[in-house]
**Q** 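Structure below; questions to follow.
Every chain is numbered from 1 and lettered A, B, ... according to where its sequence line falls, protein lines coming before strand lines.
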Amino acid sequence: MKPKDKIKLLVVDDEELICNYIEHRFTKRGLEVFFALSGEEALIIFENKKPDVVILDIMMKGIDGVETLKRIKEKYILPKVIIVSAVNNQEKIRELKALGVSDYLTKPILLKELDTLVMNFAKEIKTAKSN
Amino acid sequence: MLDKKVSRQKTLRKKKKTLSFNEYKRSLELATEGMVEILDIERLIRLIVYMVVKKARLIHAGLLLYNAEKKSYILSSSRGLRGSVIPKEYIRIQPGEPIIKFFQARRGYLLNKSGAIRVEDLNRFLRNKRLFKKDKPLRELMLEVKDEMVNYEAAAFVPGYFQTKNLLGVLFLGEKNNGEKFKQEELDFFMALARTAVMAIRSAQLYKNIQKIFYGVIKAMALSIEKFDPAFTRPHMDRMFKMGSRMINKLEKRKVELPDMPKELFISSIFLHDIGKQYTPREILHKEGSLTKEEWDMLKRHPIDGAEIFEQIEGLEEVARIIRYHQEKYDGTGYPDGLKAGAIPLGARIAAVLDAFDAMTNSRPYRKKPFSIKDAVKELIKEKGRQFDPELVDVFAEVLLEEGMISFSELKEIYPDISLGFLFDSLISR
């Protein structure tokens with residue numbers, strides 16, 4: 001597959017080890033992965049790379065996940081967004097779903113759930129693009 | 001010359017890479033010997049994973065530990081190469097998942113006499129289709145386990161059983177840096193390591209539970225003071241706890257010798273000091289005016305009454321002493337025994353400062369309007385060497401300053417001969 005056809009995944013987490021791991025894991029599964037250690041960084045990468053799928057943490061220093069999401073939404077059509085967060089609060093989840101978040105996983109996550117979500121989105125997007 | 005050096009380094013590195021099993025086994029064994037003594041679970045599992053990755057030279061490794069509250073196995077510690085290593089606390093595995101099912105049924109022993117799974121044993125077993133003729137589900141499960149090995153980039157899984165049937169955790173091992181396979185003796189050794197680790201984790205968990213109950217009882221006792229003493233409230237206890245622990249940390253830094261007891265217990269005894277007031281008549285505790293001589297005499301019995309409760313408990317003699325002497329004054333004019341200076345236990349001297357300050361800055365039946373913090377500190381300073389241990393007043397002022405409860409200029413105003421050294425220290429440590 002040519003690099004430009006690859007599905008682009010952006011992971012936003014202030015824990016660098018998590019970013020490194022997601023990058024490693026999904027690069028091996030054929031995706032092009034970018035990572036951002038803060039909401040601010042995520043916005044810049046978003047502008048330049050226009051990712052197809054975003055894995056987003058909520059609690060971060062600076063602008064948090066919710067705010068990042070709102071700012072992305074102001075300017076672009078929201079891609080598939082998967083929240084991965086230690087916060088397990090029904091109200092927060094409702095708020096995020098209302099903002100257009102596709103899925104919400106609570107840390108510690110089941111790795112298989114994340115895999116399935118990401119790979120299904122990738123497949124969906126690929127089919128949509130080829131049509 | 002330089003080339004020589006580089007090549008020497010290279011051979012050294014090569015030598016290091018091929019460190020034999022016997023060489024690292026010894027150091028792992030040494031590390032395991034001390035394990036049972038580590039009662040801090042987190043430190044313990046970090047040590048296990050660290051030792052395994054470092055000594056066996058693995059790309060990465062992680063430890064999944066059963067968490068009763070979450071009813072799943074949580075990756076509690078991990079280590080290794082950036083990217084390959086799964087961050088700790090990031091993932092969990094549920095009891096129904098293949099690896100857990102496989103180990104719970106103790107199927108590991110089918111593949112290897114050690115009970116651990118090595119990827120090549122699994123492959124060898126799966127190739128032998130005849131073995132599965134009667135047991136298709138087993139083959140399915142093994143295929144799933146194989147997928148999991150790929151999923152976690154593991155070359156081996158090592159189960160940790162408690163009392164042979166309870167699976168307490170699973171250690172997963174990434175490949176070795178040099179690409180070599182795990183030898184049988186290594187698997188045997190990792191299983192032995194897992195056994196020791198499980199024992200150590202169990203005793204640490206038990207210790208933690210007992211400790212939790214113990215401090216729960218202490219806290220409940222302290223909170224029961226609230227029922228009879230209008231001055232004792234939950235916020236009062238929380239304030240005492242916070243300021244007390246800050247003071248104790250500072251004293252430690254100043255190399256002041258603390259009594260030989262856990263820090264939490266030490267701080268708890270400080271706020272248990274008034275527990276004897278339950279025997280003081282209520283009218284006295286609630287009286288708004290000044291007390292008569294008889295009333296004073298009754299009130300003055302509370303340190304002894306309180307101490308008597310704890311004198312019954314072996315191992316808590318120091319707690320009893322702190323309670324008994326919390327009304328002593330530094331110059332020897334306090335009660336019940338008129339002890340002086342260093343003869344008064346440190347905990348009792350700390351309690352005196354904290355309690356006086358808290359009493360002054362909050363309303364009491366006999367004095368509705370509290371002092372300002374500044375005035376209260378002024379009072380403490382005035383009583384330095386008389387009612388209070390001078391060093392402790394300084395340490396307490398330092399804590400207030402750092403907490404932002406009093407400003408630098410306010411403190412300087414009421415305490416002109418304050419030692420510049422300590423102010424400087426406390427500014428630096430901010």
Side-chain angles (χ1 to χ4, degrees), chain A residues 9-38 41 53-61 65 82-90 93 103-120 122, chain B residues 42 45-46 49-50 53 58-102 141 143-154 157 169-170 172 174-175:
Chain A
L9 170 71
L10 169 64
V11 51
V12 190
D13 202 306
D14 56 0
E15 255 185 78
E16 199 172 351
L17 274 182
I18 293 184
C19 291
N20 296 144
Y21 183 65
I22 297 292
E23 184 188 29
H24 170 86
R25 186 170 186 86
F26 290 102
T27 306
K28 263 179 50 182
R29 285 163 175 72
L31 275 65
E32 191 177 5
V33 187
F34 310 97
F35 69 79
L37 296 171
S38 68
E41 234 177 86
V53 183
V54 179
I55 298 176
L56 181 64
D57 184 19
I58 293 296
M59 284 196 295
M60 290 183 291
K61 287 188 207 100
I82 304 162
I83 302 286
V84 173
S85 167
V87 183
N88 189 7
N89 172 325
Q90 286 307 315
I93 296 176
D103 287 276
Y104 194 107
L105 303 180
T106 315
K107 280 183 208 171
I109 62 167
L110 298 168
L111 211 42
K112 267 197 195 127
E113 275 183 9
L114 184 67
D115 280 348
T116 315
L117 284 174
V118 173
M119 297 321 283
N120 282 349
Chain B
E42 213 175 293
I45 58 179
R46 225 173 29 229
V49 174
Y50 170 80
V53 170
L58 308 181
I59 294 175
H60 74 113
L63 179 66
L64 292 152
L65 202 60
Y66 187 68
N67 181 313
E69 211 178 295
K70 298 223 161 89
K71 293 196 174 54
S72 52
Y73 292 80
I74 294 179
L75 180 65
S76 307
S77 186
S78 62
R79 196 156 177 123
L81 189 70
R82 217 163 241 282
S84 295
V85 62
I86 310 179
K88 71 167 194 168
E89 312 280 328
Y90 191 63
I91 64 156
R92 68 176 197 274
I93 293 188
Q94 285 173 325
E97 290 192 49
I99 307 171
I100 307 299
K101 259 188 358 204
F102 193 77
L141 185 59
L143 284 168
E144 283 177 328
V145 171
K146 201 184 149 185
D147 283 347
E148 295 289 72
M149 297 202 97
V150 179
N151 204 7
Y152 297 106
E153 293 179 28
F157 284 133
V170 178
F172 64 85
E175 282 177 19

**Q** Less than 3.5 Å apart and able to act as donor and acceptor by atom type: which atom pairs between chain B and chain A qualify?
**A**
from	atom 1	to	atom 2	distance (Å)
B:R82	NH1	A:N20	OD1	2.5
B:Y90	O	A:I109	N	2.8
B:R92	N	A:I109	O	2.7
B:R92	NH1	A:P108	O	2.5
B:N151	O	A:R25	NH1	2.9
B:N151	OD1	A:R25	NH2	2.1
B:E153	OE1	A:H24	NE2	3.1
B:E153	OE2	A:H24	NE2	2.7
B:E153	OE2	A:K28	NZ	2.7

**Q** Could you give the distance from CD1 (A:I22) to CD1 (B:I86), rounded to the nearest 0.5 Å?
**A**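 Going from the CD1 atom of A:I22 to the CD1 atom of B:I86 covers 10.0 Å.
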**Q** With a 4.5 angstrom heavy-atom cut-off, is it the side chain or the backbone of A:L105 that approaches chain B, or both, or neither?
**A**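 For A:L105, there is no contact with chain B at all, as no heavy atom is under 4.5 Å.
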**Q** Mind ranking B:I93, B:V85, B:L75, B:I91 by heavy-atom pairs under 4.5 Å with chain A and telling me who comes out on top?
**A** B:I91
**Q** Name the region of B:I74, side chain, backbone, both or neither, that has any atom closer than 4.5 Å to a heavy atom of chain A.
**A**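 The side chain, not the backbone.
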